[in-house]
Amino acid sequence: MLVHPSPIDLSSRTLRCLTGRLAARRGEIGTRWRRLTANREDLLALARLRCGDTYAQLAAGFGSDVATVYRYIRCIREAVDVPAALAPILAEAMDTARTKAFVILDGTLPPIDRIAADTPYHSGRHKRHGMNVQVLTDPFGRLLWASPALPGPTHDLTAARTHGIVDALTDADLKCWADKACQGAGGSIRVPFRGRRIERWPRRRNSTHAKIRCLGQQTMATLKGWRLLRKLRCSTNRITAIVQAVLALHHASA
């Protein structure tokens with residue numbers, strides 16, 4: 001395989017932050033000698049998460065073999081679990097959101113590599129297999145919180161209630177803009193009017209609502225900048241940890 005230098009569009013601060021955490025973790029569990037240092041292991045994980053490189057590409061780039069790369073990513077998992085533990089929980093996100101005028105709630109469906117027989121993960125709306133992830137952003141489109149992953153067919157309103165987002169927003173008395181999927185959520189969640197033939201003033205309200213929510217769509221594009229989320233080829237049990245790790249690393253690089 002031909003190899004050439006390839007950049008990772010992240011700041012060195014992200015690598016230093018992750019390396020310090022991973023080195024501390026290795027000291028806590030008494031890790032013995034490994035082929036890759038903490039710095040190289042973190043760089044390997046960032047290349048996997050940010051660029052979505054395959055095991056063969058990572059092995060060629062790091063001068064190692066595929067089996068070693070597999071063990072670091074699939075078996076050791078430290079470089080993902082360590083930043084995932086730093087991701088804010090919903091209560092912490094609500095504390096931050098209370099200082100904002102409002103928040104934006106939206107859902108995304110990271111696609112997964114599943115066969116057609118895996119119907120529990122097939123979304124009829126998106127017509128593909130995936131996992132449902134709910135995202136909260138501030139009025140400027142900055143990512144505040146990402147939920148654990150649920151199977152793709154889960155409705156956005158059901159996911160919001162399952163994660164306690166509706167109750168948390170109501171208790172915080174915080175205004176939230178969401179799409180039509182959250183119709184009937186109640187509380188402080190505001191959704192656009194449904195229907196094609198509506199009066200002039202509801203159309204104006206829907207237009208204003210869409211202008212506010214478009215910032216949340218920009219955040220989704222930023223989240224998909226971590227290319228591994230564009231096509232997840234791992235166990236569905238690991239997707240929540242990957243999403244939480246991406247959230248923590250996104251905050252570290254901001």
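Quick note: residue numbers are just sequence positions, from 1. Values in this document were obtained by computation on a predicted structure and should not be read as measured data.
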Looking at Ala60, is its backbone amide N or carbonyl O close enough to the side chain of Ser64 to form a donor-acceptor pair, meaning the two atoms are under 3.5 Å apart? no

Check this for me: Arg125, atom CZ, are more than 12 non-hydrogen atoms of other residues, nucleotides or ligands nearer than 6.0 Å? no

Can you see whether Asn39 engages Glu41 through a side-chain donor-acceptor pair at a distance of less than 3.5 angstrom? no

With a 4.5 Å limit on heavy-atom distance, are the side chains of Pro111 and Leu232 in contact? no

Please answer whether the main-chain N or O of Thr154 pairs with a side-chain N or O of Thr158 as donor and acceptor at a distance below 3.5 Å. no

Atom pairs and distances, side-chain donor-acceptor, residues 96-105, under 3.5 Å, sequence neighbours left out:
unit_1	atom_1	unit_2	atom_2	d
Thr96	OG1	Glu92	O	3.3
Arg98	NH1	Asp95	OD1	2.7
Thr99	OG1	Thr96	O	2.6

Could you grab the distance from atom CG of Leu144 to atom NE2 of His251, nearest 0.5 Å is fine? 6.5 Å

Rounded to the nearest 0.5 Å, the CD1 atom of Ile89 sits from the CE atom of Met94 at a distance of 11.0 Å

Looking only at heavy atoms, the pair that brings Leu43 and Leu15 closest together is N-CD1, 3.8 Å

Is a side-chain donor or acceptor of His155 paired with a backbone partner of Leu157 at a separation under 3.5 angstrom? yes

Go through the steps to decide whether Arg128 and His122 satisfy the test side chain to side chain contact (heavy atoms under 4.5 Å, CB included), and finish with yes or no. CA-CA 6 Å; Arg128 66 171 182 258; His122 185 268; 5.6 Å; no

Give, for atom CG of Leu228 and atom CG of Leu46, the distance between the pair rounded to the nearest 0.5 Å. 12.0 Å

Are Val191 and Phe193 joined in one hydrophobic group, where the rule is that I, L, V, M, F, W and Y side chains link up if heavy atoms are under 4.5 Å apart? no

Within a strict 4.5 Å, meaning less than it, do heavy atoms of the Leu215 and Phe140 side chains meet? no

Let's go through Arg50 and Leu10 carefully: what are the C-alpha distance in whole Å and the side-chain angles of both, what is the deciding distance for side chain to side chain contact (heavy atoms under 4.5 Å, CB included) to 0.1 Å, and is it a yes or a no? CA-CA 8 Å; Arg50 187 67 177 181; Leu10 293 172; 4.0 Å; yes

Between Ser188 (side chain) and Leu174 (backbone), is there a donor-acceptor pair under 3.5 Å? yes

Is there a path of hydrophobic side-chain contacts, each under 4.5 Å between heavy atoms of I, L, V, M, F, W or Y residues, that connects Trp145 with Leu150? no

Close side-chain approach of Leu247 to Pro88, heavy-atom, < 4.5 Å: yes

Do Ser12 and Arg16 get their side chains close enough for a donor-acceptor pair, meaning under 3.5 Å? yes

Has the side chain of His209 got a donor or acceptor atom that lies under 3.5 Å from a matching backbone atom of Ala178? yes

Assess whether side chain to side chain contact (heavy atoms under 4.5 Å, CB included) is satisfied between Arg142 and Thr219, documenting all intermediate values. CA-CA 7 Å; Arg142 290 189 290 259; Thr219 303; over 6 Å; no

Is a side-chain N or O of Asp53 found less than 3.5 angstrom from the main chain of Arg48, in a donor-acceptor match? no

Over all heavy atoms of both residues, which pair between Cys17 and Ala252 is shortest? Give the atoms and the distance, please. SG-CB, 4.5 Å

Let me confirm one number: the NE2-OH distance from His129 to Tyr121, rounded to the nearest 0.5 Å. 10.5 Å

Which atom pair, heavy atoms only, marks the closest approach of Ala87 to Ala248? N-CB, 4.0 Å

Would you check if the side chain of His126 reaches a backbone N or O of Thr108 as a donor-acceptor pair within less than 3.5 Å? no

Is the backbone of Ala241 close enough, under 3.5 Å, to the side chain of Gln244 for a donor and an acceptor to pair up by distance? no

Is there a chain of hydrophobic side chains (I, L, V, M, F, W, Y, each step under 4.5 Å between heavy atoms) that links Leu86 to Leu90? no

Please report the interatomic distance CG(Leu18) to CZ(Arg25), rounded to the nearest 0.5 Å. 13.5 Å

With hydrophobic residues grouped by side-chain heavy-atom distances under 4.5 Å, do Ile8 and Leu223 end up in a single group? yes

Please tell me whether Val133 and Leu169 are part of a single hydrophobic cluster in this structure, the criterion being side-chain heavy atoms less than 4.5 Å apart. no

How long is the gap from CG on Asn132 to OG on Ser147, to the nearest 0.5 Å? 6.5 Å

Beyond-backbone contact of Leu109 with Met131, side-chain heavy atoms, under 4.5 angstrom: no

CZ of Arg21: more than 12 outside heavy atoms within 6.0 angstrom? no

Salt bridge between Arg238 and Asp81, side-chain N to carboxylate O under 4.0 Å? yes

Side chain of Arg230, backbone of Lys224: donor and acceptor closer than 3.5 Å? yes

Do you know the tightest heavy-atom contact between Asp106 and Gln217? OD2-NE2, 2.5 Å

In short, Cys214 meets Lys211 closest at the heavy-atom pair SG-O, 2.8 Å

Can you see whether Thr68 engages Arg71 through a side-chain donor-acceptor pair at a distance of less than 3.5 angstrom? yes

According to side chain to side chain contact (heavy atoms under 4.5 Å, CB included), who are the partners of Asp173, at least two apart in sequence or on a separate chain? none

Candidate pair Thr222 and Leu143, rule side chain to side chain contact (heavy atoms under 4.5 Å, CB included), full reasoning: CA-CA 9 Å; Thr222 302; Leu143 184 61; over 6 Å; no

Using every non-hydrogen atom in the two residues, find where Asp179 and Pro192 come nearest and quote the distance to one decimal. C-CD, 3.9 Å

